[in-house]
Amino acid sequence: MSTQLKPTLGTLHLWGIAVGLVISGEYFGWSYGWGVAGTLGFLVTTLLVATMYTCFIFSFTELTTAIPHAGGPFAYSRRAFGEKGGLVAGLATLIEFVFAPPAIAMAIGAYLNVQFPSLDPKHAAVGAYLIFMTLNILGVSIAATFELIVTILAVAELLVFMGVVAPGFSFSNFVLNGWAGSDSFGGAAIGGIFAAIPFAIWFFLAIEGAAMAAEEAKDPKRTIPKAYVSGILTLVVLALGVMLFAGGAGDWKALSGINDPLPQAMKMVVGENSGWLHMLVWIGLFGLVASFHGIILGYSRQFFALARAGYLPRSLAKLSRFQTPHRAIIAGGLVGIAAIYSDGLIALQGMSLTAAMITMSVFGAIVMYIMSMLSLFKLRRSEPDLERSFRAPGFPVVPGIALALAVLCLVAMIWFNLQIAGIFLAFMAAGFVYFQLTAAHRASAPADAMLTGA
């Protein structure tokens, strides 16, 4: 059985994957942060999180180029801390990438429902899963080329949005009652800043997923650093631009807590019948599609890598005749579709489906970021001779900043989301039980020098 992925991706494809994985976060989800922190409070949160991500990516790139493995953080943590370290990072990454797509799929359904009111958003979300799972199965080169095209269109659309609303922009609109609904900075505002962390992370969530395409990258030691550095700079500029222009377009409170803040912000400036508005609604789908499609690629490689190493059933590592992990793609899709129809359960937790999926995904991401930075420090000590074509700048300060901010985010997330934290911990515990029961399964897995350093 073949378990070797084929390298076909260049720098531009990898940039498209890195930005495309994230870009739906500029279209929806982040405005929930305004509801708990206000515009100015959420701006502080976003700058804090942008600092974390910038430091993280410059540090994470060292690991990605030194260990270009489809498992990404799973591979780095296993090499640094052994099997249990790999388990923690691998499960956290899997939770991040499996629970983000249902939120995006529901947003796709909501966009389509605006144009076709008789279309059930859930049915549209399932249809999106079926279409993009199929596209991923047909081959990584086809999937990555499609990802690049829709990512470029999504970036262009965000620039158009900023250009169209710019004439109506007023900074006074943005700052009005900007501190958690109060007129002055105080304790409530500070609490709002920390409570809004998941929604600021949503601006950048999953950029690290390009690491899972490392085995399929041409010359990963050269192409991945270029893709990551240009990708994070692209996303920081877009996130700040979109948030500022949307908040200055009118009454920002009308945009908080909705799934289509950009069309509604544009409506404040150009009116309901503008051709620009209709264009944004339709082309805005490209941003959602880019992330949805890219994250399917990401979760499938994580399933594949964990299965190949014996952490999950071996059958999930089987490749199709197109050299893609089709069973892993289908497995993640089934979990996502089940999540879409779990809103009755989520309601018992007092959260909307979208907010719950975002928060669950962010828990996985933050734990993975912490494990990755710890792995970087550990491997610098335990394997000083490991070939590192890209070294984290400002070591140990830059990765130290990323690690400290990630820990701060995790503590704040647990404090404000105890119930979702409990569910996340239950998933991790279930994975650990499976791990304990399958030692023989891992022992018989094919040898992988990148996981052990052998």
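- With contacts defined as side-chain heavy-atom distances shorter than 4.5 Å, the pair Lys226/Trp15 does not qualify.
- Rounding to the nearest 0.5 angstrom, the gap separating the CD1 atom in Ile295 from the NE2 atom in His293 is 11.5 Å.
- Put simply, CD1 on Ile23 and CD1 on Ile104 are 11.5 Å apart, with the number rounded to the nearest 0.5 Å.
- Residue Phe424 holds its CZ atom at 10.0 Å from OG of Ser361, rounded to the nearest 0.5 Å.
- Ring pair Tyr228/Phe58: centre-to-centre distance not below 6.0 Å.
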After noting the C-alpha distance and the side-chain angles of Phe199 and Trp34, does the key distance pass the ring pair (Phe, Tyr, Trp, His ring centres under 6.0 Å) rule? CA-CA 9 Å; Phe199 308 111; Trp34 279 351; over 10 Å; no

I would like to know whether Tyr369 and Phe60 meet ring pair (Phe, Tyr, Trp, His ring centres under 6.0 Å); could you show each step before the answer? CA-CA 9 Å; Tyr369 299 158; Phe60 189 71; 7.9 Å; no

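- Rounded to the nearest 0.5 angstrom, Asn173 CG and Thr39 OG1 are separated by 10.0 Å.
- Once rounded to the nearest 0.5 Å, the distance linking CE of Met133 with OG1 of Thr324 reads 11.5 Å.
- In this structure the side chain of Leu94 reaches within 4.5 angstrom of the side chain of Leu312, judged on heavy atoms.
- The two residues Ala328 and Tyr299 have their closest heavy-atom pair at O-CE1, 3.5 Å.
- Thr46 places no side-chain N or O within 3.5 Å of a backbone atom of Ala200 that could act as its donor or acceptor partner.
- Side-chain atoms of Trp252 never come within 3.5 Å of backbone atoms of Gly248 as a donor-acceptor pair (strictly under, hydrogens ignored).
- Considering only heavy atoms from C-beta on, Ser31 stays 4.5 Å or farther from Phe42 through its side chain.
- Just one residue in the list Thr54, Ile57, Ile207 forms a side chain to side chain contact (heavy atoms under 4.5 Å, CB included) with Leu235, and that residue is Ile207.
- More than 12 non-hydrogen atoms from other residues, nucleotides or ligands lie less than 6.0 angstrom from CZ of Phe174.
- The heavy-atom pair separating Pro101 from Val98 by the smallest distance is CD-O, 3.4 Å.
- Here the side chains of Met373 and Ser59 are in contact, with some heavy-atom distance below 4.5 Å.
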Given Tyr311 and Tyr434, is the side chain to side chain donor-acceptor pair (under 3.5 Å) satisfied, shown in steps? CA-CA 8 Å; Tyr311 285 68; Tyr434 182 85; over 6 Å; no

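- Classified by interplanar angle (parallel below 30°, tilted 30° to 60°, perpendicular above 60°), the ring pair Phe435/Phe432 is parallel.
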Using side chain to side chain contact (heavy atoms under 4.5 Å, CB included), reason through Leu376 and Tyr76 one step at a time and then give a plain yes or no. CA-CA 8 Å; Leu376 175 64; Tyr76 320 145; over 6 Å; no

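- Checking side-chain atoms of Glu62 against main-chain N and O of Ala392 turns up a donor-acceptor pair under 3.5 Å.
- A donor-acceptor pair under 3.5 Å links the side-chain atoms of Ser291 to the main chain of Leu21, judged by distance alone.
- In this structure, the side chains of Leu91 and Phe427 stay at 4.5 Å or more apart for every pair of heavy atoms.
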Evaluation steps, side chain to side chain contact (heavy atoms under 4.5 Å, CB included), between Val362 and Ile197: CA-CA 9 Å; Val362 170; Ile197 282 174; 5.6 Å; no

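- Two residues are said to be in side-chain contact when any heavy atoms from C-beta on lie closer than 4.5 Å; Thr145 and Leu148 fail this criterion.
- The main-chain N or O of Ile193 is found under 3.5 Å from a side-chain atom of Thr45 such that the two form a donor-acceptor pair.
- Legend: residues meeting side chain to side chain contact (heavy atoms under 4.5 Å, CB included) with Leu374, ordered by chain and number and at least two apart, are Phe81, Ile370, Leu403.
- The main-chain N or O of Phe74 is never found under 3.5 Å from a side-chain atom of Ser77 such that the two would form a donor-acceptor pair.
- Between the side chain of Ser375 and the main chain of Ala80, no donor-acceptor pair closer than 3.5 Å is present.
- Taking CZ of Phe146 as the start and OG1 of Thr151 as the end, the distance is 9.0 Å to the nearest 0.5 Å.
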